[in-house]
Amino acid sequence: DAGVIQSPRHEVTEMGQEVTLRCKPISGHNSLFWYRQTMMRGLELLIYFNNNVPIDDSGMPEDRFSAKMPNASFSTLKIQPSEPRDSAVYFCASSLERTEAFFGQGTRLTVV
Amino acid sequence: AQKVTQAQTEISVVEKEDVTLDCVYETRDTTYYLFWYKQPPSGELVFLIRRNSFDEQNEISGRYSWNFQKSTSSFNFTITASQVVDSAVYFCALSEANTGTASKLTFGTGTRLQVTL
């Protein structure tokens, strides 16, 4: 398997623009996670899905953030409108229930 | 609330030295999972190990070993005969079993390990 695939790897956008991050989990995994890494807050969970259903979105910082998982092989994290403080590395991870998560290579987002 | 503390922000060693990375955790759950992940300079997060709270057996994998002690709420990671390729940030993480998944992770702040020649 190719592992968790995220796109794009890097994204630079202007404040106020919409940003969409994409993730393809490992085939067969039924849980998907979005994490964010910043210098100030470290690694934090934003949202996770189980069997394509959002289970816990308590980590989503505000309404500007939304995530979807329309099917078992694809998820998106959208920020609209983006702000400079959203600049971070966003990781997608997938797992089978009660097993370890495998992470994608991350998307480095810069909002200018 | 759960918490993971990695008190060592940065460690620098010379190649072939042994090094131990400390991890202390807090949780109210009796069943939980502990993890170590490695983040090399390239930025990805690489899974190293998962332990269940009911399994206190120490584990060895090549030059890596882990010491899990429930009595002190610690899950320390030792690299024996360190190599330059071990240079990375290492994260300890905790997940509570009652969440229905093992991967709703609370991460520590990480320990940056620098191995020099």
Side-chain angles (χ1 to χ4, degrees), chain A residues 1-11 23 25-26 29-60 69 88-110, chain B residues 1-10 23 25 29 31-55 59 61 64 66 68 75 77 88-112:
Chain A
D1 200 314
V4 176
I5 299 173
Q6 292 186 245
S7 64
R9 292 291 312 280
H10 302 273
E11 177 81 35
C23 175
I26 293 173
H29 282 188
N30 61 347
S31 295
L32 183 139
F33 307 81
W34 284 100
Y35 285 86
R36 179 171 69 173
Q37 184 176 30
T38 61
M39 289 295 294
M40 292 294 294
R41 300 175 65 88
L43 277 156
E44 52 182 348
L45 177 68
L46 300 178
I47 184 171
Y48 88 90
F49 296 82
N50 188 253
N51 294 322
N52 311 339
V53 176
I55 303 299
D56 184 348
D57 66 355
S58 58
M60 296 285 262
M69 192 165 186
V89 179
Y90 290 82
F91 286 102
C92 177
S94 71
S95 74
L96 290 169
E97 282 184 40
R98 303 191 185 281
T99 67
E100 57 274 8
F102 292 90
F103 284 75
Q105 292 192 297
T107 295
R108 181 175 295 277
L109 173 65
T110 303
Chain B
Q2 49 189 343
K3 185 179 178 181
V4 177
T5 300
Q6 295 180 256
Q8 304 151 308
T9 305
E10 194 161 341
C23 173
Y25 62 91
D29 268 23
T31 304
Y32 49 89
Y33 306 95
L34 294 163
F35 303 79
W36 278 94
Y37 282 85
K38 173 182 179 180
Q39 188 172 41
S42 51
E44 72 270 27
L45 282 161
V46 179
F47 166 77
L48 295 179
I49 189 172
R50 180 190 69 163
R51 300 302 287 176
N52 301 334
S53 54
F54 48 83
D55 181 4
E59 183 153 340
S61 176
Y64 294 173
W66 291 270
F68 176 28
F75 186 43
F77 173 29
V89 180
Y90 291 86
F91 290 95
C92 182
L94 166 72
S95 176
E96 294 174 340
N98 65 4
T99 60
T101 172
S103 295
K104 185 181 174 185
L105 301 170
T106 297
F107 282 91
T109 50
T111 297
R112 181 178 299 278

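Note on naming: letters A, B, ... go to the chains in the order of the sequence lines (proteins, then strands), and numbering restarts at 1 for each one. Predicted model only: the values in this text are computed from it and were never measured.
Atom CZ of A:R108 has 12 or fewer neighbouring heavy atoms from other residues, nucleotides or ligands inside a 6.0 Å radius.
Heavy-atom distances place both the backbone and the side chain of A:T99 under 4.5 Å from chain B. Only the side chain of A:Q37 has a heavy atom closer than 4.5 Å to any heavy atom of chain B.
Here the NZ-OG distance, from B:K104 to A:S58, works out to 5.0 Å after rounding to the nearest 0.5 Å. The OG1 atom of B:T109 sits 11.0 Å away from atom CE of A:M39, with the distance rounded to the nearest 0.5 Å.
Highest contact tally toward chain B, considering only A:S94, A:G59, A:A101, is held by A:A101 [criterion: heavy-atom pairs under 4.5 Å]. Here A:E100 is the residue among A:E100, A:Q105, A:R41 with the most heavy-atom pairs under 4.5 Å with chain B.
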*Taking it one step at a time, do B:Q39 and A:F103 satisfy side chain to side chain contact (heavy atoms under 4.5 Å, CB included)?*
CA-CA 11 Å; B:Q39 188 172 41; A:F103 284 75; over 6 Å; no
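Heavy atoms only, all atoms of each residue included: B:E44 and A:F91 are closest at CA-CE2, 4.4 Å.
Side-chain atoms of A:Y35 come within 3.5 Å of backbone N or O of B:L105 as a donor-acceptor pair.
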